[in-house]
Amino acid sequence: MRHGRRLFAITFLMPAVAVYAVFVISPYLQAFQVSATNWRGLSPEWDYVGTDNFTRLLHDEYFWNALKHNAVLLAVLPVATIALGLFFASMLSVGGHGGRAGVRGIRGSGLYRIVYFFPQVLSVAIIGVLWREMYAPNGGLVNGALRAVGLGALARPWLGDHDFAFWAVLVVMIWSNVGFYVVLFGAAMASIPREIYEAVLLDGAGRFTTLVRITVPLLWDTIQVAWVYLAIIALDGFALVQIITNGGPEFSTDVVGLRLFSTAFGEAKFGYASAIGVAMFFVVLSVAIASLRLTRRDRVEY
């Protein structure tokens, strides 16, 4: 520090910036370069084709089909996950009966938090294989449970049915993400003074009104961040889809991430796959910026 703060900061920041530039920024820039070529991934030779890959992308029905599925995920996954996360976190934090102890969570809330958070300790591969077996038409847990309660008529090959496969995968995505946001929202609620909830309940407000009018405004910054992260997950969706259905049946569960993977490693068209990646880069960036702007509001102090 004797030689100045600027030199001190540069000395410690430059190695980290250099590593980030080499391993993060450089691959991004190379993807833009490759997207303008017809490189097949194995040959050291390629030709520049300009914007031909992007022109082809505009008329690729498989890409638009995958993008449509990502759009549905974007519309449903953040809303359902945040709504369930807020509901469960509210019940665990302030959903119990007050009495002399004031507002508190339901009995056994600590155990419930562990149960809800459990999917987060599992890898995506394990979750995908687990649910693929649960959806199995004959020995799967889902159909077995339906038959056990007398609803065998509802049993079906969930992942082999064109009308249900996508929604079956969507359920897995929601299930695998809710637990994290229950814990996140619960931690944020812990910082809200209990006197606020007690005053609202004394005024006669119900649990739902308290959640919508008190909890949501006070947690809006956390909800905003959660929305952006879930939007990015919705625009990806590659891992679970690839493990559970691999895009089938008949591309009914295909997503852009899987389309990119199949194009690059299945068809050996790395130039075209890079064009898909570049297009999605701008889509994800636009969605993130739009989400931050549309959900912006004045911060509520307490």
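Throughout, numbering of the chain's residues begins at 1 and tracks the sequence. We use all heavy atoms of the structure for the numbers below, so side chains are in, but hydrogens, waters and symmetry mates are not.
Formation of a donor-acceptor pair under 3.5 Å by the Tyr181 side chain with backbone atoms of Thr81 is not found in this model. A side-chain donor-acceptor contact under 3.5 Å links Trp39 to the backbone of Ser43. Put simply, the side chain of Glu267 never gets that close to the backbone of Ser262: no donor and acceptor are under 3.5 Å apart. When atom types are taken as modelled, the side chain of Asp161 and the backbone of Arg156 share no donor-acceptor pair closer than 3.5 angstrom. Without hydrogens or angle criteria, Thr51 side chain to Phe54 main chain gives no donor-acceptor distance under 3.5 Å. Listed for the Gln33 side chain is no donor-acceptor partner under 3.5 Å among the backbone atoms of Tyr28. Although no hydrogens or angles enter the test, the distance criterion places a donor-acceptor pair under 3.5 Å between the side chain of Asn70 and the main chain of Ala234.
Taking 4.5 Å as the limit, every side-chain heavy atom of Leu294 sits out of range of all side-chain heavy atoms of Trp227. In this structure, Tyr229 and Phe180 have side chains that are not in contact, with every pair of non-hydrogen atoms separated by 4.5 Å or more. For the pair Ile243 and Trp131, the minimum side-chain heavy-atom distance is 4.5 Å or more. Thr253 places none of its side-chain heavy atoms less than 4.5 Å from the side chain of Ile244. Between Val241 and Asp254 the shortest side-chain heavy-atom distance does not fall below 4.5 Å. No side-chain heavy atom of Trp46 sits less than 4.5 Å from a side-chain heavy atom of Val34. With a 4.5 Å cut-off on side-chain heavy atoms, Asp60 and Tyr272 count as touching. The shortest distance between side-chain heavy atoms of Phe118 and Ile114 does not fall below 4.5 Å.
Side-chain heavy atoms closer than 4.5 Å link hydrophobic residues (I, L, V, M, F, W, Y) into clusters, and following such links, possibly through other members, connects Val79 to Phe166. Linking Ile, Leu, Val, Met, Phe, Trp and Tyr whenever their side-chain heavy atoms come within less than 4.5 Å leaves Trp220 and Leu292 in two separate clusters. In the hydrophobic clustering of this structure, Ile174 does not group with Val228; members are Ile, Leu, Val, Met, Phe, Trp, Tyr whose side-chain heavy atoms approach within less than 4.5 Å, directly or through other members. Linking ILVMFWY side-chain heavy atoms closer than 4.5 Å, directly or via other members, places Phe238 and Leu260 in two distinct hydrophobic clusters. Hydrophobic clustering keeps Leu111 apart from Val183 (ILVMFWY residues linked when any side-chain heavy atoms are closer than 4.5 Å, directly or through intermediates).
Note: Phe32 and Phe281 have perpendicular aromatic rings, judged against thresholds of 30 and 60 degrees for the angle between ring planes.
Annotation: Phe164, atom CZ; neighbour count of heavy atoms from other residues, nucleotides and ligands within 6.0 Å is above 12. Within 6.0 Å of CZ on Phe87 lie no more than 12 heavy atoms contributed by other residues, nucleotides or ligands.
Between Leu73 atom CG and Leu67 atom CG the span is 11.0 Å, to the nearest 0.5 Å. Atom CG of Leu184 is separated from atom CD1 of Ile223 by 9.5 Å, given to the nearest 0.5 angstrom. With rounding to the nearest 0.5 angstrom, the CG atom of Leu258 is 11.5 Å from the NE2 atom of His69. Between the CZ atom of Arg259 and the CH2 atom of Trp64 there is a distance of 14.5 Å, given to the nearest 0.5 Å. Atoms OG and CG, on Ser191 and Leu219 in that order, are 7.0 Å from each other to the nearest 0.5 Å. Atom CG in Leu92 sits 5.0 Å away from atom CZ in Arg113 (nearest 0.5 Å).
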- Is there a side chain to side chain contact (heavy atoms under 4.5 Å, CB included) between Val172 and Tyr135 once you walk through the steps? CA-CA 11 Å; Val172 180; Tyr135 281 131; 3.8 Å; yes
- Task: Would you please test Leu230 and Met173 for side chain to side chain contact (heavy atoms under 4.5 Å, CB included) and show each step?
- Result: CA-CA 10 Å; Leu230 287 167; Met173 290 185 177; over 6 Å; no
- Given Asn143 and Arg147, is the side chain to side chain contact (heavy atoms under 4.5 Å, CB included) satisfied, shown in steps? CA-CA 6 Å; Asn143 284 341; Arg147 294 188 181 102; 3.4 Å; yes
- Test Val178 against Tyr116 for side chain to side chain contact (heavy atoms under 4.5 Å, CB included), laying out the working first. CA-CA 7 Å; Val178 163; Tyr116 289 139; 5.7 Å; no
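Here the closest heavy-atom approach between residue Ala231 and residue Pro78 is recorded as N-CG, 4.1 Å. Contact detail for Ile127 and Ser176: the closest heavy-atom pair is CD1-CB, 3.9 Å. Ala89 approaches Gly186 most closely through the heavy-atom pair CB-N, 3.7 Å. Between Gly85 and Phe185 the shortest heavy-atom distance is C-CD1, 3.7 Å. Across all non-hydrogen atoms, the minimal contact from Ser90 to Leu211 is CB-CD1, 3.9 Å. Ala66 approaches Val255 most closely through the heavy-atom pair CB-C, 3.4 Å.
Checked by atom type, the side-chain pair Ser26/Gln30 shows a donor-acceptor distance below 3.5 Å.
The six-membered or imidazole ring of Phe265 lies near that of Phe270, with a centre-to-centre distance under 6.0 Å.
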